[in-house]
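Chain A is the first sequence line, chain B the second, and so forth, proteins listed ahead of strands; every chain is numbered from 1.
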Number of protein chains: 2
Amino acid sequence: MSLNPDPNPVDTLDHPHIQEYFAFGISVDCVVFGYDGIDVKVLLIERGTDPFKGYQAIPGDLVHPTEDAVTATERVLKDLTGLTNVYLEQLQTFAGVDRHPLGRVATIAYFSLLKIGDYNPKPSSWATDAQWTPIQDLGEMAFDHKEIFDAALERLQMRVRQKPIGFELLPAEFTLADLQHLYETLLNTQFDKANFRKKILAMDLLLAMDKTQKAVRHRPARLYQFDAARYEALSKRGFHFEL
Amino acid sequence: MSLNPDPNPVDTLDHPHIQEYFAFGISVDCVVFGYDGIDVKVLLIERGTDPFKGYQAIPGDLVHPTEDAVTATERVLKDLTGLTNVYLEQLQTFAGVDRHPLGRVATIAYFSLLKIGDYNPKPSSWATDAQWTPIQDLGEMAFDHKEIFDAALERLQMRVRQKPIGFELLPAEFTLADLQHLYETLLNTQFDKANFRKKILAMDLLLAMDKTQKAVRHRPARLYQFDAARYEALSKRGFHFEL
DNA sequence: TTGATAAGTGTACATTTTACATTATCCAAA
DNA sequence: TTTGGATAATGTAAAATGTACACTTATCAA
């Protein structure tokens with residue numbers, strides 16, 4: 001026995017109890033990743049009210065009636081960090097019946113990468129509670145947010161191998177050692193220095209600066225920038241980044 | 001000026017106009033792929049009513065208040081094909097403000113792979129209109145369904161290289177030439193027969209049957225089965241399928 | 001018996017990956 | 001000015017993998 005005697009309610013919206021089908025809230029949640037040169041971190045809110053008071057939560061909000069999901073996520077990010085042009089990718093939608101104790105809310109999860117130095121908490125909003133948390137030591141998380149986080153991390157680890165998005169987490173100028181350490185931390189592996197460097201440079205995606213590190217007590221490393229325009233051009237010719 | 005004076009409506013649901021935030025419908029749409037030995041096909045509905053009467057549409061339905069998204073999708077698939085255990089993967093959620101002319105409906109898109117021989121249209125439902133359509137010659141599609149289809153095909157092409165899900169589209173027993181032709185069709189490429197066969201067999205994912213093709217006018221090829229249990233075991237040891 | 005057809009195998013060559021050794025450059029301290 | 005510590009940066013040989021293509025095998029049908 002189906003709850004749905006109408007053969008095709010989504011098309012015509014003329015089901016006798018159609019209003020019951022339009023009682024959903026839709027939220028967006030955004031897992032924001034950063035990297036400080038040592039750890040991969042995630043930006044989390046400590047909840048100040050029930051339900052889940054004191055638990056860590058992924059920043060998010062209900063989608064407004066007049067905005068689409070990406071717009072809502074960008075709004076959340078702007079309110080949270082002051083930033084507008086950050087890497088954003090839709091992750092997965094979580095629509096379990098009981099995932100929110102106070103109503104039927106489906107959440108469209110995103111993840112975002114930003115340069116941790118650009119982070120600029122907005123003191124006038126709930127973002128004051130936002131904390132960069134190393135991904136190894138998360139506390140208990142509200143709702144199904146642990147599940148969302150796990151999915152985001154897994155997706156990030158996968159994506160970072162096949163698209164040159166690691167650079168979104170680094171300062172504009174970085175050394176090859178910085179880049180290698182980021183990948184090693186993110187993917188929980190070790191790379192041979194010589195081979196890593198050959199592989200990356202062979203892709204021809206980096207712009208060598210005429211600068212080096214300062215204030216190090218050893219031979220200073222050359223600084224590089226990611227050449228986004230070059231990546232665009234190569235992509236059109238069938239190039240695809242790997243590892 | 002924000003529509004949202006409450007700092008955190010999704011958490012507490014105590015916004016003064018909260019009911020406006022709970023006026024969404026959520027649907028699921030499922031792009032169903034099949035393969036008949038020649039073409040990759042997709043199962044589409046021809047719409048009998050406005051809006052978009054006469055256009056092709058991806059099968060879907062509104063999510064009921066008491067079911068989650070996967071359950072809704074499995075229900076749609078069951079109604080459509082009679083099948084219950086098919087490969088199903090969440091694709092992406094489309095939540096544009098104006099994507100549905102009759103109301104604010106966000107759709108969670110899935111894609112599904114099934115053995116075309118198992119397809120068994122249910123004559124008592126709207127599935128009677130369902131048609132296997134070769135993916136090269138789609139007609140005009142309703143709503144934003146073309147966009148959804150394109151995303152599904154792209155995802156399928158990507159996924160089929162890194163997970164052994166091509167077998168979901170083949171009969172339980174198949175020849176290596178069948179498998180090669182499937183991949184060539186799906187990915188729009190050509191493989192060297194000898195190398196393809198070496199690569200696949202080296203993965204040790206196929207069970208060689210003591211059977212061969214019948215009724216062919218040349219040397220009959222050996223039949224194989226996909227060994228799902230073996231794949232499980234290998235996966236746990238870090239193996240990962242590629243191409 | 002033979003030819004057509006596709007199944008299935010072998011191999012040499014090119015390319016990429018891997019492991020590890022070596023050289024280069026800067027700073028700081030002697 | 002020299003030397004040692006540290007990491008940057010490069011070189012190379014062996015191993016592994018990918019590629020191209022020729023060759024052999026099995027079945028059917030004429």
Visitor: Please list, in numerical order, the residues of residues 201-218 of chain B that have a heavy atom closer than 4.0 Å to any atom of DNA chain C.
Guide: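 Going residue by residue through residues 201-218 of chain B, the ones with a heavy atom under 4.0 Å of DNA chain C turn out to be B/His218.
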Visitor: If you take any heavy atom closer than 4.0 Å to DNA chain C, which residues from residues 175-196 of chain A end up in contact?
Guide: A/Asp192, A/Ala194, A/Asn195
Visitor: Applying salt bridge (charged side-chain N to carboxylate O under 4.0 Å, His left out), can you list everything that pairs with B/Asp36, at least two apart in sequence or on another chain?
Guide: B/Lys41
Visitor: To the nearest Å, give me how far apart CZ (A/Arg197) and P (D/dG11) are.
Guide: 11 Å
Visitor: Atom CD1 of A/Ile200 to atom C1' of D/dA8: distance rounded to whole Å?
Guide: 16 Å
Visitor: Please name all residues satisfying side chain to side chain donor-acceptor pair (under 3.5 Å) with A/Thr71, sequence neighbours left out, ordered by chain then number.
Guide: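 Expected list: A/Asp68.
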Visitor: Which nucleotide span of DNA chain C, 5' end to 3' end, has atoms closer than 4.0 Å to non-hydrogen atoms of chain A?
Guide: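 First-to-last contact on DNA chain C, by the 4.0 Å heavy-atom rule, is C/dT18 to C/dC27.
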Visitor: With sequence neighbours excluded, tell me which residues meet side chain to side chain donor-acceptor pair (under 3.5 Å) with A/Arg197.
Guide: none
Visitor: Sorted by first residue and then second, give each salt bridge (charged side-chain N to carboxylate O under 4.0 Å, His left out) pair with at least one member in residues 84-93 of chain A; sequence neighbours left out.
Guide: A/Glu89-A/Arg155, A/Glu89-A/Arg159
Visitor: Starting from C1' on D/dT10, measure out to NZ on A/Lys198 and report it in whole angstrom.
Guide: 8 Å
Visitor: Which atom names give the shortest non-hydrogen contact between A/Val86 and A/Ser112, and what distance separates them?
Guide: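 Heavy atoms of A/Val86 and A/Ser112 come nearest at CG2-OG, 3.5 Å.
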Visitor: Test: salt bridge (charged side-chain N to carboxylate O under 4.0 Å, His left out). Region: residues 138-147 of chain B. Which pairs qualify, not counting sequence neighbours?
Guide: B/Arg99-B/Asp144, B/Lys146-B/Asp150
Visitor: Listed by chain and number, what are the side chain to side chain donor-acceptor pair (under 3.5 Å) partners of A/Tyr110, not counting sequence neighbours?
Guide: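 Counting only residues at least two positions away or on another chain, A/Tyr110 forms no side chain to side chain donor-acceptor pair (under 3.5 Å).
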Visitor: Pairs in or reaching into residues 232-242 of chain B: which pass salt bridge (charged side-chain N to carboxylate O under 4.0 Å, His left out), with residues at least two apart or in two chains?
Guide: none
Visitor: Using whole Å, report how far CZ of A/Arg219 lies from C1' of D/dA8.
Guide: 4 Å
Visitor: What residue pairs, at least two apart or across chains, pass salt bridge (charged side-chain N to carboxylate O under 4.0 Å, His left out) with a residue in residues 202-223 of chain A?
Guide: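 For residues 202-223 of chain A: A/Glu173-A/Lys211, A/Asp204-A/Arg230.
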Visitor: Any ring pair (Phe, Tyr, Trp, His ring centres under 6.0 Å) pairs touching residues 192-243 of chain B, not counting sequence neighbours?
Guide: B/Phe167-B/Phe226, B/Phe191-B/Phe196
